[in-house]
Amino acid sequence: VMVLNAKTQRQTGRQAQLGNIAAARAVADIIELRADIIRTTLGPRSMLKMLLDPMGGIVITNDGHCILREVDVSHPTAKSMMELSRAQEEEVGDGTTSVIILAGEMLTKAEPLLKDQLHPTVIVQGYHKALQEALDICERLAVTVDIKDTERMKTLVQSSLGTKFSSRWNNVMTDMALQAVLTVARDTSSGGATNGGKQLSQMEVDLKRYAKVEKIPGGEMSDSRVLKGVMFQKDVTHSKMRRRIENPRILLLDSPLEYKKGESQTNVEISNEKDWNTMLKLEEEYVENMCMEIIAYKPDIVITEKGVSDLAQHYLQKANITAFRRLRKTDNNRVARATGATIVSRTEEIQESDIGTGCGLFEMRKIGDEWFCFLEDCNNPKACTIVLRGGSKDVLNEMERNLQDAMQVVRNVVFEPKLLPGGGATEMAVAMGLKQSPPKGIQQGPYLAVGDAMEVIPRTLASNCGVSVIRVVTALRAKHAAFEEKKCCWGINGNSGELVDMNELGIWEPFSVKVQTIKTAIESACMILRVDDIVSGSKKK
């Protein structure tokens, strides 16, 4: 009896599992340009990909998440693999390429086990055991770092940026990423939260809201900088207003400085012409009162999210106050954080404490054809603007993506100040650790398969350098085997393909990124392996 629609396709049992593995491998391949889109984007010798989006725009990048976002796939397993890089991007912001390569490799290693009639649940149990052991090995390898040690933090950011397009301007980008994150970081620890007598320090690093990247085409990459304050693209409302003020008093509003329009439509019938003049006068007095309430507190700059009428501009200009109108809510919040002002909703409620005095210099500057307002030299700003300059829009977009990755790396270390060696050293250490203590019984095969799968990262790094993969990986394996119980930080130099000690080369990665990559890859592989029935068919609309 046919229960399903005739158009519906159904794959069951072994066929579905092997189909899933093929699809997952294809994703670890798409991004492998149908044979090498993502693999060639790993490491310092990585290549860029040029993608055309449906609107005809061009994206040039080697960021795993960005590539996957643009590629359109139809297989459900492939879609779930795409989600991996998104989860990785949102959680830790780096390692998006590694997570796809690893997950694809985990599934590839499961294929021969499935063909040997091993049940998927047994494979999944073996994988989970291996995951636990892998996390323990990472814990033993980890090195704690002091986030105030600038040199150490710089080498950490450089190892993230080294694989990106912007590695030519490593020093500029590194300083910018460090400065931006340490500016925005706020200690939110409450007096009550303690852990065994020690106070728990909780850091809040909201990069999305308080570290704005302003991309301005033109100039040179070396002109980019992090402002000690904020800037936004707006001109003053009146041409005669001041364009440069030192130590300004800043007032932020989110109410309009114009006559209040009625909520509903109102018709007024006037029989006497004097009443018409009285009405106009009332409107003017209303605006004048609002301006007087503002002027009473002697601010130098007034910024509002709503409109400013011509009359209000006139009164403010007479009082020598510079005004800006229709500023975005997000920009206003940043100005408030940087200058210490409070956003006021009604002019009657203004208090002296709402005025921001933390800004050292206000200046209007023209960059290209546009006027920008700079609020600089702020006293301990907790928000900042990053000005990026570059040749073209594509270059700037790629720069921004690289900078976001670098800032995420610093943020992760601020949250959890532990590092792991890069260059495939951690993966090889995990692989060797798993091989030394396999469990007895039927789970041994899947457990060891995870160890083999981990070697894909050093292998890919070696192949992107163009050296003999087998020789380099075998030599690295021998190095790690010789150390046995001791910490081994040997990995592959991504530029030359030689074996080096990561302590000397200074390539380190945040603990949270590595651990998240391994967790995500193994858990998603387990989930896909447990699928044994795929029903795909279109419902009639």
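Computed from a predicted model, the values in this text were never measured in an experiment. In what follows, every heavy atom counts, from backbone to side chain, and hydrogens, waters and symmetry copies are set aside.
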Exercise for review: State, with a plain yes or no, whether a side-chain heavy atom of Pro381 is found less than 4.5 Å away from one of Lys228.
Suggested key: yes
Check your understanding: Is it true that a side-chain atom of Asn412 and a backbone atom of Ser512 form a donor plus acceptor pair closer than 3.5 Å?
Key -> no
Exercise for review: Could you check Asn247 against Cys359 for side-chain contact (heavy atoms from CB on, under 4.5 Å), going step by step and ending with a plain yes or no?
Suggested key: CA-CA 6 Å; Asn247 299 321; Cys359 176; over 6 Å; no
**Study point:** Worked check of side-chain contact (heavy atoms from CB on, under 4.5 Å) between Ile343 and Asn332
**Key:** CA-CA 8 Å; Ile343 299 174; Asn332 215 9; 4.0 Å; yes
**Study point:** N-O pairing of Arg243 and Glu363 below 4.0 Å
**Key:** no
Check your understanding: What pair of heavy atoms forms the shortest contact from Arg334 to Arg209, and how long is it?
Key -> NH1-O, 2.8 Å
**Study point:** Side chain to side chain, Leu311 and Glu284, heavy atoms closer than 4.5 Å
**Key:** yes
Revision key, fill the gap. Between Ile355 and Pro299, the two heavy atoms sitting closest are CD1-CB, 4.5 Å
Review point. Under 3.5 Å, is there a donor-acceptor pair between the Asn320 and Arg242 side chains?
Key: yes
Review point. Considering only heavy atoms from C-beta outward, does the side chain of Phe372 approach that of Ile216 to under 4.5 Å?
Key: yes
Exercise for review: Return yes if some donor-acceptor pair links the side-chain N/O of Asn397 with the main-chain N/O of Asp394 below 3.5 Å, else return no.
Suggested key: no
**Study point:** Any donor-acceptor pair under 3.5 Å from Thr237 side chain to Ala323 backbone
**Key:** yes
Check your understanding: Between Phe374 and Phe232, is the ring centre distance below 6.0 Å?
Key -> no
Check your understanding: Taking all non-hydrogen atoms of both residues, which atom of Leu396 and which atom of Gly390 are closest, and how far apart?
Key -> CD2-N, 3.6 Å
Check your understanding: Just by modelled atom types, is the Ser255 backbone N or O under 3.5 Å from a matching donor or acceptor in the Thr304 side chain?
Key -> yes
Check your understanding: For atom CD of Glu348, is the number of surrounding heavy atoms from other residues, nucleotides or ligands below 6.0 Å larger than 12?
Key -> yes
Check your understanding: Got a salt bridge between Lys281 and Glu285, using NZ or NE/NH1/NH2 to carboxylate O under 4.0 Å?
Key -> no
Revision key, fill the gap. For Gln179 and Val226 the tightest heavy-atom approach is NE2-O, 3.6 Å
Practice item. Give a yes or no on whether Trp276 atom CH2 has more than 12 heavy-atom contacts from other residues, nucleotides or ligands under 6.0 Å away. Key: no
Practice item. Apply salt bridge (Lys or Arg N to Asp or Glu O under 4.0 Å) to Glu400 and Lys215, showing your working. Key: CA-CA 8 Å; Glu400 184 187 15; Lys215 296 174 291 198; 2.8 Å; yes
Practice item. Determine whether Leu375 and Ile250 make a side-chain contact, defined as any pair of heavy atoms from C-beta on separated by less than 4.5 Å. Key: yes
Review point. Does any non-hydrogen side-chain atom of Cys384 lie less than 4.5 Å from one of Tyr210?
Key: no
Check your understanding: How long is the span from the NZ atom in Lys234 to the CD atom in Glu370, to the nearest 0.5 Å?
Key -> 10.5 Å
Practice item. Flag the pair Lys154 and Asp175 as a salt bridge only when some basic side-chain nitrogen lies within less than 4.0 angstrom of an acidic carboxylate oxygen. Key: yes
Check your understanding: Are Lys418 and Glu139 within salt-bridge range, i.e. N to O under 4.0 Å?
Key -> yes
Exercise for review: Ignoring hydrogens and angles, tell me if any N or O in the side chain of Thr385 forms a donor-acceptor pair with the backbone of Met231 under 3.5 Å.
Suggested key: yes
Check your understanding: Should Ile58 and Leu52 count as side-chain neighbours, where that means a heavy-atom distance under 4.5 Å?
Key -> yes
Check your understanding: Just checking, any donor-acceptor pair under 3.5 angstrom between side chains of Gln88 and Thr517?
Key -> yes
**Study point:** Over 12 foreign heavy atoms within 6.0 Å of NZ, Lys306
**Key:** yes
**Study point:** Heavy-atom closest contact (Ile303 atom, Val335 atom, distance)
**Key:** CD1-CG1, 4.3 Å
Point to revise | Check against side-chain contact (heavy atoms from CB on, under 4.5 Å), Thr426 and Ile457 | key: CA-CA 10 Å; Thr426 306; Ile457 301 284; over 6 Å; no
Check your understanding: For Glu509, does its backbone N or O pair with a side-chain atom of Lys514 as donor and acceptor, under 3.5 Å?
Key -> no
Check your understanding: Is the side chain of Asp405 donor-acceptor paired with the backbone N or O of Asn402 at a distance under 3.5 Å, no angle test?
Key -> no
Exercise for review: Please determine if Glu89 and Arg86 form a salt bridge, counting it only when a charged side-chain N lies under 4.0 Å from a carboxylate O.
Suggested key: no
Review point. Would you find a donor on one side and an acceptor on the other, under 3.5 Å apart, between the side chain of Ser224 and the backbone of Arg389?
Key: yes
Exercise for review: Check the pair Leu257 / Cys291 against side-chain contact (heavy atoms from CB on, under 4.5 Å), numbers first and verdict last.
Suggested key: CA-CA 8 Å; Leu257 295 182; Cys291 292; 5.7 Å; no
Check your understanding: Is there a donor-acceptor contact under 3.5 Å from the side chain of Tyr297 to the main chain of Ile350?
Key -> yes
Exercise for review: Report the distance from atom CE of Met290 to atom CG of Leu316, rounding to the nearest 0.5 Å.
Suggested key: 10.0 Å
Point to revise | Polar side-chain atom of Arg249 near backbone of Lys298 as donor-acceptor pair, under 3.5 Å | key: yes
Check your understanding: Can you find a side-chain donor-acceptor pair between Glu258 and Ser309 that sits under 3.5 Å?
Key -> no
Exercise for review: Write down the atom of Gly229, the atom of Cys378, and the distance for their closest heavy-atom approach.
Suggested key: CA-SG, 3.8 Å
**Study point:** Any side-chain heavy-atom pair of Asp331 and Lys212 under 4.5 Å
**Key:** yes
Check your understanding: Atom CG in Leu253, atom CD1 in Ile294: separation rounded to 0.5 Å?
Key -> 5.0 Å
Exercise for review: Indicate yes or no: does Glu376 engage Arg365 in a salt bridge with an N to O separation below 4.0 Å.
Suggested key: yes
Practice item. Find out whether Leu252 and Thr342 are in side-chain contact, i.e. whether some heavy atom of one side chain is under 4.5 Å from a heavy atom of the other. Key: no
